[in-house]
Number of protein chains: 2
Amino acid sequence: MVRGMSTTTSARDRLVDAAQDLFAAQGVGPTSPRAVLAASGVGQGSLYHHFPTKHDLAVAAVGATVDEALTRALRTLGGDSPAVERLVAYLERPRDALAGCKIGRLTSDQAVMDDDGLHDVVTAYFVRLLGTLTQVLRETGLPDDAARDRAHAALAIVQGGYVLARATRDPDALAAAVRGFVGLLTQTVPAPTVPAPTVPTPNLPTQEENQ
Amino acid sequence: MVRGMSTTTSARDRLVDAAQDLFAAQGVGPTSPRAVLAASGVGQGSLYHHFPTKHDLAVAAVGATVDEALTRALRTLGGDSPAVERLVAYLERPRDALAGCKIGRLTSDQAVMDDDGLHDVVTAYFVRLLGTLTQVLRETGLPDDAARDRAHAALAIVQGGYVLARATRDPDALAAAVRGFVGLLTQTVPAPTVPAPTVPTPNLPTQEENQ
DNA sequence: GTCTATAAGCAGATAGAC
DNA sequence: GTCTATCTGCTTATAGAC
């Protein structure tokens, strides 16, 4: 019950840590409680003392992963710089493309999709992220509907980029998708004649490279 | 070895059909040979006669799914209409968003990623599709590198859109991502005055579902 | 070629000692 | 709270009759 006891690494914390790692590596379904047990170093009974079922363990571990990811994302998207710049910074953030998105991958995990409590945690992550992205895009002067659509596109680029990278075993596939999207996003008017751009072209600051 | 015997539905064909359906619904890993057996209506021994291991069954079923999806995709992308129009037609094709991409989902399927033979089938699908999309985008006058990046972006939109739809349980999430991307893709000069759309919205012919 | 019967092993979960 | 020992059911696969 007592969460966040920082004094020592409780069996509970070790279990959640191990579960997060294994879930990220191989998904929830294929990860057995026994494997979490072995990785954490605690005994069989301890697991079932803290987490009566695999569901309980999964909710705790996936919840922790979502919290961490959301914190990082919102920090990137919430700075002082111009909105487009923050969006591009989010898109271009270094990512372990071949590993896939720890959370996005769960949408293909039958054990997660079949479990309402677990699914809700995943849903909350994406709803929150889409809301924030929409907000950022509204700052660029886009109407509400267009901002929402473009937010979906931006997040789809990241999630789809992960899929492409894993499918082709090419870590650059995610980076390529991001480049293609950012190219469109920051494009000046094709300008055969008229100059005025839709999106105020930002001076692309030298961003961190994609891994 | 004799494939496509159209005279009668062999036990082999029924097994492959059942496997394709179950793999699409719940993935390869979570689908047991016994479940395929039950769905196909054949006996235990028949399965292991035609497919000595689950791997063999999976290669046959996933291979068939890839062939079908590739055929549909290449038909959409290979018409006579202008390149951008064909690309948009591909992006806007009706899809069962909540079901996810039958092939893209396999990139999160541990049973697939751990099996080189199976993974290769998935890789081939995406490599082929990316090549074709790149070709189409080159027709629009884009330089090679930019065409390749934009092709990655386009395919990522579809794959990521599926992820968003499943994550949020919102079938419109995929459509929103496509709208956001097509909006950028076909954006005319900001047009404070002129309304003319670049791409004449094609009359979506009622398409088959999925990729 | 197709069937029924069955083996070996791992899954999720429980019992109960310390 | 943590441990070891154990149960049931399902998994992949094999054996061998028809």
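- Between B:Asp120 and A:Arg169 the shortest side-chain heavy-atom distance falls below 4.5 Å.
- Under the salt bridge (Lys or Arg N to Asp or Glu O under 4.0 Å) criterion, no residue pair touches residues 16-42 of chain B, with sequence neighbours excluded.
- The CZ atom of A:Phe51 sits 15 Å away from the P atom of C:dG12 (whole-angstrom rounding).
- The separation between A:Arg12 atom CZ and D:dT2 atom P is 11 Å, rounded to whole Å.
- Residue B:Ser46 places at least one side-chain N or O under 4.0 Å from the OP1 or OP2 atom of C:dC3.
- Distance, A:Leu37 CG to C:dT14 P: 15 Å, rounded to whole Å.
- Remark: P of C:dG1 and CZ of B:Arg14 are 14 Å apart, rounded to the nearest angstrom.
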Determine, for nucleotides 11-16 of chain D in 5'-to-3' order, which nucleotides have protein heavy atoms under 4.0 Å from the base (write B), from only the sugar-phosphate (write S), or from neither (write -). BBBB--

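- If you measure from atom CG of A:Leu22 to atom P of C:dG12, you get 12 Å, rounded to the nearest angstrom.
- Within the structure, salt bridge (Lys or Arg N to Asp or Glu O under 4.0 Å) contacts touching residues 35-64 of chain B (residues at least two apart or in different chains) do not occur.
- In this structure the side chain of A:Gln159 never reaches within 4.5 angstrom of the side chain of A:Val163, judged on heavy atoms.
- For the pair B:Arg72 and B:Tyr125, the NZ or CZ position fails the cation-pi test of under 6.0 Å to the six-membered ring centre and within 45 degrees of the ring normal.
- Rounded to whole angstrom, the span from the CG atom of A:Asp56 across to the C1' atom of C:dG12 amounts to 13 Å.
- The nearest whole Å value for the distance from the CG atom in B:Asp13 to the C1' atom in C:dG1 is 14 Å.
- Side-chain atoms of A:Phe51 and A:Pro33, non-hydrogen and from C-beta on, never get closer than 4.5 Å to each other.
- At the phosphate of C:dC3, neither OP1 nor OP2 sits under 4.0 Å from any side-chain N or O atom of B:His49.
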